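Have a look at the structure below before the remarks.
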Amino acid sequence: MAFTRLELRCPRALDPRPSWTVGEVLTELDALEATRRAAPPTPLKQQPEWASGGSARKKAFVMRIEEEDDTDEEDDNEDARALVTGARFSCNDLECSGFEESGDELDSSSTSYHLMGKRSTEKSILLELERDHHLKIQEEVRSKLSSLEVCHQNEIQRTISAFARLQKYAESRKEIDRRLDVQFQRKIAEVLDKHLSMVQRDHEQKSQIVERRIRDDAAVEEAKRKEQSMKEEKIKQERARQEAEARQKATAKLAADEQKAAYEAAQKEAVEKEAAKLKAEAVSTSSQISQNSLAHATMATNIEIISELPGIKIYADRSALEAESRRRALHDQVPSNIYLSKEYSRYDRQIGKSISKLMPTTDSVKARASELIKALDGQDCPRPIACRLFADKMISIVKSRNPTDKTFGKLAFACGYVMLLVINQVPDAMDYLLAEFNKVCMYTVPKHLHALNAQARNTDYFRLIGYQEEDGKLQSTEKYLVNVVAYIKLYAAMIQTEIKGVRHPYGLAEGWKWLAMFLNTLPAIPATAFALHAFLKVAGFALHKKYGSQFMKILDVISRHFIPALKAQGSKVQPEAINNLQNYLDDKIYLEEPEGQYLAQQLLSKMFL
């Protein structure tokens with residue numbers, strides 16, 4: 001018995017478990033389906049050779065039974081003939097449309113084939129096995145594709161769910177970050193508030209320490225002075241007679257000066273009357289009457305305005321002018337050249353030497369104040385002369401020191417402390433100081449003299465407004481403005497100085513009054529702009545600390561009225577004058593403590609606490 005090896009017509013490189021993606025599987029199925037539809041139907045079996053040469057009629061399948069023995073052939077002839085004419089099985093309508101792997105082609109009017117044949121049995125079985133294998137592969141692919149689609153849908157659902165969770169997590173993180181940011185900003189605000197409170201408390205403690213030291217020093221000096229007063233009482237009694245004689249001499253000298261001034265005024269008046277009389281003889285009576293009226297009006301105007309130069313307009317408050325006139329009258333009672341006399345030159349040198357040693361330190365302030373108080377309270381020099389000498393030397397520190405130096409601001413504050421301590425012990429010195437301030441700088445009144453025409457702007461006018469002579473010539477406008485700024489800084493430092501337990505006769509209230517009169521009466525020009533900036537730079541911090549919102553209203557007036565008035569003058573105004581005020585307002589410098597307001601304490605100084 002023979003065995004036949006049957007093999008499937010399948011590519012040897014075909015992997016039964018391919019690692020395909022869903023897209024590759026779908027593409028492959030679409031290609032197989034297209035190939036199946038495009039290929040013509042394939043027959044199960046090619047036409048055998050013995051049937052290809054016969055007639056074209058339809059042939060049937062004939063089953064024959066061969067005889068097994070030769071001996072029985074004759075006996076069974078009839079039976080064999082009967083069996084020869086058996087039934088025919090026709091397979092004309094049988095088609096094989098399911099086999100796509102067959103390479104044979106069949107015409108539409110193909111002839112029928114015999115299903116059974118000796119030489120095509122293996123091929124038929126192979127085709128059946130191949131078809132079963134193909135159907136099995138298709139079923140597995142469809143099952144795999146279905147499972148992949150289900151997995152794909154599950155993956156999509158998981159992705160959507162993951163995206164939703166991610167979005168929800170992102171929103172929750174944003175909310176958490178927002179809350180953390182708000183909490184962090186709140187903590188920053190609290191820390192900043194604590195820091196500012198600590199800084200303010202530290203400044204207040206420093207101020208209290210400095211004030212306590214100065215107050216204690218003043219108390220110690222007062223105790224020493226009282227102790228010495230008991231010992232010096234006898235000396236004072238002995239010197240009383242000498243003082244009386246000195247006063248008589250000073251009074252006699254003042255009377256002589258007044259008589260001389262009156263004599264000169266009388267001579268001048270006589271000359272003017274003589275000229276008026278000669279002029280009156282040359283005109284008619286009506287003209288004479290009108291001229292006399294005009295002269296009377298002119299004299300009245302000269303008395304009111306004080307200025308002896310024609311064509312000058314005064315910008316000032318009436319009360320400020322009256323106060324200036326009263327101080328000047330007191331100041332002029334002592335001759336300006338009193339320091340030249342041999343009798344008082346020693347006191348002038350003593351006061352000048354003490355002021356020249358002044359430094360912006362607590363020890364220096366205490367030492368200089370004590371020396372000056374002792375000099376002013378002495379019995380050898382009359383009080384008015386001593387006060388006049390003290391005021392002259394104190395204000396002349398602007399000339400002896402360099403006003404453009406950065407340390408001048410600290411020196412101005414030191415002068416403020418010295419002036420306050422001296423005034424507290426010698427109150428008469430206050431009027432002499434103010435009179436000297438008004439003399440060297442008219443903006444301390446406050447007052448401004450404006451020349452109405454070019455003729456009025458002569459040398460006398462510039463001397464009147466404060467220009468000084470240098471080598472026989474008037475100083476430049478730049479140096480004049482530097483001096484104005486220095487005098488205003490010194491004036492503002494005296495006003496803003498405050499010491500606990502020490503009464504200030506000309507403190508911040510007077511500074512507030514001065515600032516209001518300055519803005520109400522004086523015009524906006526470069527000189528007034530520099531003066532205003534210097535005053536605010538030194539005393540603005542103290543005024544803001546005391547008056548608060550009211551001081552802010554003053555700054556608003558400067559911003560809305562004074563600065564625009566400066567800008568309206570165009571190129572006539574120096575840009576620096578406008579920029580100084582604008583930067584002071586924009587940078588809020590009034591919130592910063594001026595450098596040098598609290599004096600530096602030397603390491604080896606003696607503490608009185």
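Quick note: residue numbers are just sequence positions, from 1. Note that the structure is a prediction, hence the values are computed from the model and not measured.
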Find out whether [X] and [Y] are in side-chain contact, i.e. whether some heavy atom of one side chain is under 4.5 Å from a heavy atom of the other.
X    : Y    : value
H448 : K313 : no
D317 : V445 : no
M442 : L449 : yes
M494 : M430 : yes
Q496 : F413 : yes
L532 : N580 : no
K439 : I395 : no
F541 : L591 : no

Is it the case that atom [atom1] in [X] sees more than 12 heavy atoms from other parts of the structure closer than 6.0 Å?
X    : atom1 : result
E478 : CD    : no
K546 : NZ    : yes
E595 : CD    : no
E175 : CD    : yes
Q455 : CD    : no
K447 : NZ    : yes

Given T361 and D363, is the side-chain hydrogen bond (donor to acceptor under 3.5 Å, both in side chains) satisfied, shown in steps?
CA-CA 6 Å; T361 61; D363 290 344; 5.9 Å; no

How long is the span from the [atom1] atom in [X] to the [atom2] atom in [Y], to the nearest 0.5 Å?
X    : Y    : atom1 : atom2 : result
S325 : L330 : OG    : CG    : 11.5 Å
H195 : I188 : NE2   : CD1   : 14.0 Å
R326 : L321 : CZ    : CG    : 12.0 Å
D428 : I423 : CG    : CD1   : 11.0 Å
M419 : I355 : CE    : CD1   : 9.5 Å
L566 : H561 : CG    : NE2   : 13.5 Å

Should the pair K194-E190 be classified as a salt bridge under the 4.0 Å nitrogen-to-oxygen rule?
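No, this pair does not count.
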
Should D556 and K553 count as an ion pair when the cut-off is N to O under 4.0 Å?
no

Under the 3.5 angstrom rule, does the side chain of [X] hit a backbone N or O of [Y] as a donor-acceptor pair?
X    : Y    : answer
S197 : D193 : yes
R215 : I499 : no
D181 : D177 : no
D405 : F408 : no
Y480 : L474 : no
S356 : G352 : yes
S207 : H203 : no
S354 : I351 : no
N424 : L420 : no
S396 : D392 : yes

So which atom in [X] and which in [Y] form the shortest heavy-atom distance, rounded to 0.1 Å?
X    : Y    : result
Y467 : Q475 : CD2-O, 3.4 Å
A493 : T497 : O-OG1, 2.5 Å
R457 : F462 : O-CE1, 3.7 Å
R327 : Y506 : NH2-CE1, 4.1 Å
P564 : S559 : CD-O, 3.3 Å
Y461 : A456 : CB-O, 3.1 Å

Apply side-chain contact (heavy atoms from CB on, under 4.5 Å) to the pair L585 and L555, showing each step before the final yes or no.
CA-CA 7 Å; L585 299 177; L555 297 183; 3.8 Å; yes

Look at the rings of F551 and W512 and say which category their plane angle falls in: under 30° parallel, 30 to 60° tilted, over 60° perpendicular.
tilted

Would you call the rings of Y584 and H533 parallel, tilted or perpendicular if under 30° counts as parallel and over 60° as perpendicular?
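Ring orientation of Y584 relative to H533: perpendicular.
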
Check the pair R368 / E371 against salt bridge (charged side-chain N to carboxylate O under 4.0 Å, His left out), numbers first and verdict last.
CA-CA 5 Å; R368 303 293 85 78; E371 293 174 358; 3.1 Å; yes

Name all residues meeting the side-chain hydrogen bond (donor to acceptor under 3.5 Å, both in side chains) criterion together with D586; count only those two or more places apart in sequence or in a different chain, and write none if there are none.
Q582

Run the numbers on M198 and R201 for side-chain contact (heavy atoms from CB on, under 4.5 Å), then give the verdict.
CA-CA 5 Å; M198 291 176 63; R201 187 164 57 253; 3.3 Å; yes

Could you work out, with salt bridge (charged side-chain N to carboxylate O under 4.0 Å, His left out) as the rule, every residue matching K206, not counting sequence neighbours?
D202

Run the side-chain contact (heavy atoms from CB on, under 4.5 Å) test on I589 and L536 for me, step by step, so that the C-alpha distance in whole Å, both residues' side-chain angles and the decisive distance to 0.1 Å come before the verdict.
CA-CA 9 Å; I589 300 178; L536 292 176; over 6 Å; no

Flag the pair F437 / Y491 as yes when their ring centroid distance falls below 6.0 Å, and as no otherwise.
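They qualify: ring centres under 6.0 Å apart.
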
Show your working on salt bridge (charged side-chain N to carboxylate O under 4.0 Å, His left out) between R212 and D216 and close with a plain yes or no.
CA-CA 6 Å; R212 190 183 302 114; D216 294 341; 5.6 Å; no

For a side-chain contact (heavy atoms from CB on, under 4.5 Å) check, start with the C-alpha distance between H504 and I495, then their side-chain angles and the critical distance, and finish with the verdict.
CA-CA 8 Å; H504 199 322; I495 289 175; 5.6 Å; no

Distance-only donor-acceptor pairs under 3.5 Å for side chains of residues 514-531, two or more places apart:
| residue | atom | partner | partner atom | Å |
| --- | --- | --- | --- | --- |
| W514 | NE1 | Y443 | O | 3.0 |
| N520 | ND2 | A516 | O | 3.0 |
| T521 | OG1 | M517 | O | 2.5 |
| T528 | OG1 | P523 | O | 2.8 |
| T528 | OG1 | I525 | N | 2.9 |
| T528 | OG1 | I525 | O | 2.8 |

